[in-house]
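Remarks on the structure that follows.
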Amino acid sequence: MEIIIEEINRGHKLIGRHKFSSDHIAIGRGYHNDIIVSDPHVCAEHISIDFDGENWTVLDKNSVNGSFLDDGKKLAHGHIIRSGDIISLGQSQIRVVFPNHPVSPSATLSPFESLINLARHPLALTASIGLFACIVAWTIFLNNPKEMSFTQLLVPAISMTLMFLLWPALVSLISHLTKHDARVLTQFGVSFIIYNISWVIDFIETLVSFNTSSSFVLMPLLTLLPVSLAFCLFWLNCYIGFHMSAKRRTVVAASLTVLLFGGSYLIQLSKQPDFTVKPQFNNVLMTPNFIFAPSSDVDSFIQKSNKLFEKADSKVDDE
């Protein structure tokens, strides 16, 4: 009778899988075993799994640290195996599965997954990263009061781009270390698309702020857009790099968003003094081309101003 033995970590993540057709399987740290476990807490001959024609049974070979079932309390020696049983050996674990063990239904590839895969295309990835670097250079140029050469813009733009590469690289590394598919290029592509959208949202927020007052009813909604965008970024990172339920993915993304914006708010709050004699001004300066309402010439402005004074004088006379 065939049997499958899986090497798993403490989080029950798969490390290796082996299929056997023999009736005797030796497991230990010695090189003569059928499964070699590189754990210093495992003996050279730790356990064996034997088939008696009807059942598979675990036999402990008088190991130093013993062998236990999943809960770590019940001894595994003499245990009749059922499909899916987990056995602890030292600091390692194995899972025993029979060939007829049920598996979860296959996940269908959604159009959303196909859309995400477009982000990893070399042309799309290059365009996203290149656009981000150009926007960074343009922003540095606008915020610097002194004229800068192309070389002076190139160095900080590349540095900023490399810094923003660290986040998707870190997510891919964690995904790889937890035995998931890293999908590095997809993480890069999706992250930089979100970064570029954040620049667009920042421009829209600045444009609306330039044309309206601070009491504009939609301003709170505009401030929530960066928060929503950060949540989407973290949600997509989890969707791409990790196999987890939709609920857990949402919780992780929400926690990271709260940590990011909540931490930033607390840092700004700690640096803000209780009182300052320096007034604060809205320093957003844009050209008249960005004004929603058309501007008027000087003559019409003076005429409108005079009419306001005339109305005020008439009301004073009436009283």
Side-chain angles (χ1 to χ4, degrees), residues 1-109 170-184 187 237-249 251-252:
M1 179 179 179
E2 292 183 334
I3 190 172
I4 297 96
I5 298 179
E6 299 176 336
E7 297 180 68
I8 58 177
N9 59 18
R10 287 290 177 177
H12 294 178
K13 298 296 183 182
L14 181 65
I15 300 175
R17 181 180 286 126
H18 313 274
K19 190 173 185 179
F20 299 94
S21 299
S22 61
D23 295 338
H24 173 80
I25 302 167
I27 303 173
R29 193 156 46 89
Y31 293 111
H32 60 280
N33 290 283
D34 298 305
I35 296 180
I36 303 170
V37 181
S38 57
D39 181 350
H41 302 92
V42 174
C43 294
E45 296 180 358
H46 203 100
I47 65 170
S48 67
I49 299 178
D50 299 289
F51 185 64
D52 59 6
E54 185 176 353
N55 297 308
W56 288 93
T57 307
V58 181
L59 299 177
D60 191 280
K61 302 295 185 180
N62 296 320
S63 60
V64 174
N65 295 307
S67 53
F68 305 88
L69 297 182
D70 187 25
D71 56 9
K73 298 178 181 179
K74 185 178 179 181
L75 292 174
H77 180 71
H79 173 71
I80 297 176
I81 294 176
R82 291 170 297 182
S83 184
D85 281 347
I86 296 176
I87 303 171
S88 298
L89 317 171
Q91 295 295 328
S92 303
Q93 289 184 326
I94 61 170
R95 178 168 49 212
V96 183
V97 181
F98 297 156
N100 59 352
H101 190 85
V103 296
S104 58
S106 300
T108 57
L109 286 174
L170 177 63
V171 175
S172 299
L173 178 61
I174 296 174
S175 178
H176 174 72
L177 293 178
T178 53
K179 305 300 178 181
H180 292 89
D181 190 3
R183 302 178 68 182
V184 181
Q187 291 284 8
N237 290 145
C238 295
Y239 179 86
I240 295 169
F242 306 94
H243 300 295
M244 59 177 64
S245 63
K247 181 179 179 180
R248 185 178 181 185
R249 189 185 309 125
V251 171
V252 171

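All residue numbers in this chain count up from 1 along the given sequence. Values below: all heavy atoms of this structure, side chains included; hydrogens, waters and symmetry mates excluded.
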When rounded to the nearest 0.5 Å, the distance separating CD1 of Ile27 from CD1 of Ile49 is 4.0 Å

Check Asp70 against Gln93 and note the closest heavy-atom contact, atom names and distance. OD1-NE2, 3.9 Å

Applying side chain to side chain donor-acceptor pair (under 3.5 Å) to Thr178 and not counting sequence neighbours gives His180

Which side-chain N or O atoms in residues 38-45 pair as donor and acceptor under 3.5 Å with protein atoms at least two apart or in another chain?
{"unit_1": "Asp39", "atom_1": "OD1", "unit_2": "His41", "atom_2": "N", "d": "3.0"}
{"unit_1": "Asp39", "atom_1": "OD1", "unit_2": "His41", "atom_2": "ND1", "d": "3.1"}
{"unit_1": "Asp39", "atom_1": "OD2", "unit_2": "Gln91", "atom_2": "N", "d": "2.9"}
{"unit_1": "Asp39", "atom_1": "OD2", "unit_2": "Ser92", "atom_2": "N", "d": "3.2"}
{"unit_1": "Asp39", "atom_1": "OD2", "unit_2": "Ser92", "atom_2": "OG", "d": "2.8"}
{"unit_1": "Glu45", "atom_1": "OE2", "unit_2": "His32", "atom_2": "NE2", "d": "3.2"}

Can you tell me how far apart CG (Leu89) and CD (Glu7) are? Round to the nearest 0.5 Å. 9.5 Å

With no hydrogens and no angle check, is any side-chain donor or acceptor of Ser83 less than 3.5 Å from a backbone partner on Phe98? yes

Tightest non-hydrogen contact, residues Ile87 and Ala76, listed as CG2-CB, 4.1 Å

Donor-acceptor contacts under 3.5 Å from residues 238-248 side chains, at least two apart:
{"unit_1": "Tyr239", "atom_1": "OH", "unit_2": "Glu113", "atom_2": "OE1", "d": "3.3"}
{"unit_1": "Ser245", "atom_1": "OG", "unit_2": "Arg248", "atom_2": "N", "d": "3.3"}

Are the side chains of Pro99 and Ile4 in contact, using a 4.5 Å heavy-atom criterion? yes

His77 pairs by side chain to side chain contact (heavy atoms under 4.5 Å, CB included) with which of Leu59, Ile47, Asn62? Leu59

Check step by step if side chain to side chain contact (heavy atoms under 4.5 Å, CB included) holds for Asp34 and Ile5. CA-CA 11 Å; Asp34 298 305; Ile5 298 179; over 6 Å; no

Would the distance check show the side chain of Thr57 and the main-chain N or O of Gly78 forming a donor-acceptor pair, the cut-off being under 3.5 Å? no

What pairs with His176 under side chain to side chain donor-acceptor pair (under 3.5 Å), at least two apart in sequence or on another chain? none

When you look at Arg183 and Ser175, which way does the side chain to side chain contact (heavy atoms under 4.5 Å, CB included) test go after all the steps? CA-CA 9 Å; Arg183 302 178 68 182; Ser175 178; over 6 Å; no

List the residues meeting salt bridge (Lys or Arg N to Asp or Glu O under 4.0 Å) with Glu6, not counting sequence neighbours, and say none if there are none. Arg17, Arg95

Given Val96 and Trp56, is the side chain to side chain contact (heavy atoms under 4.5 Å, CB included) satisfied, shown in steps? CA-CA 10 Å; Val96 183; Trp56 288 93; 6.0 Å; no

Asp60/His46 under side chain to side chain contact (heavy atoms under 4.5 Å, CB included): CA gap, chis, key distance, verdict: CA-CA 6 Å; Asp60 191 280; His46 203 100; 4.3 Å; yes

Where at least one partner belongs to residues 48-59, residue pairs that pass salt bridge (Lys or Arg N to Asp or Glu O under 4.0 Å), sequence neighbours excluded: none

Atom CD1 of Ile94 and atom CD1 of Ile86: how far apart are they, to the nearest 0.5 Å? 10.0 Å

Restricting to non-hydrogen atoms, name the atom on Leu75 and the atom on Leu69 that form the minimum distance, rounded to 0.1 Å. O-CG, 4.5 Å

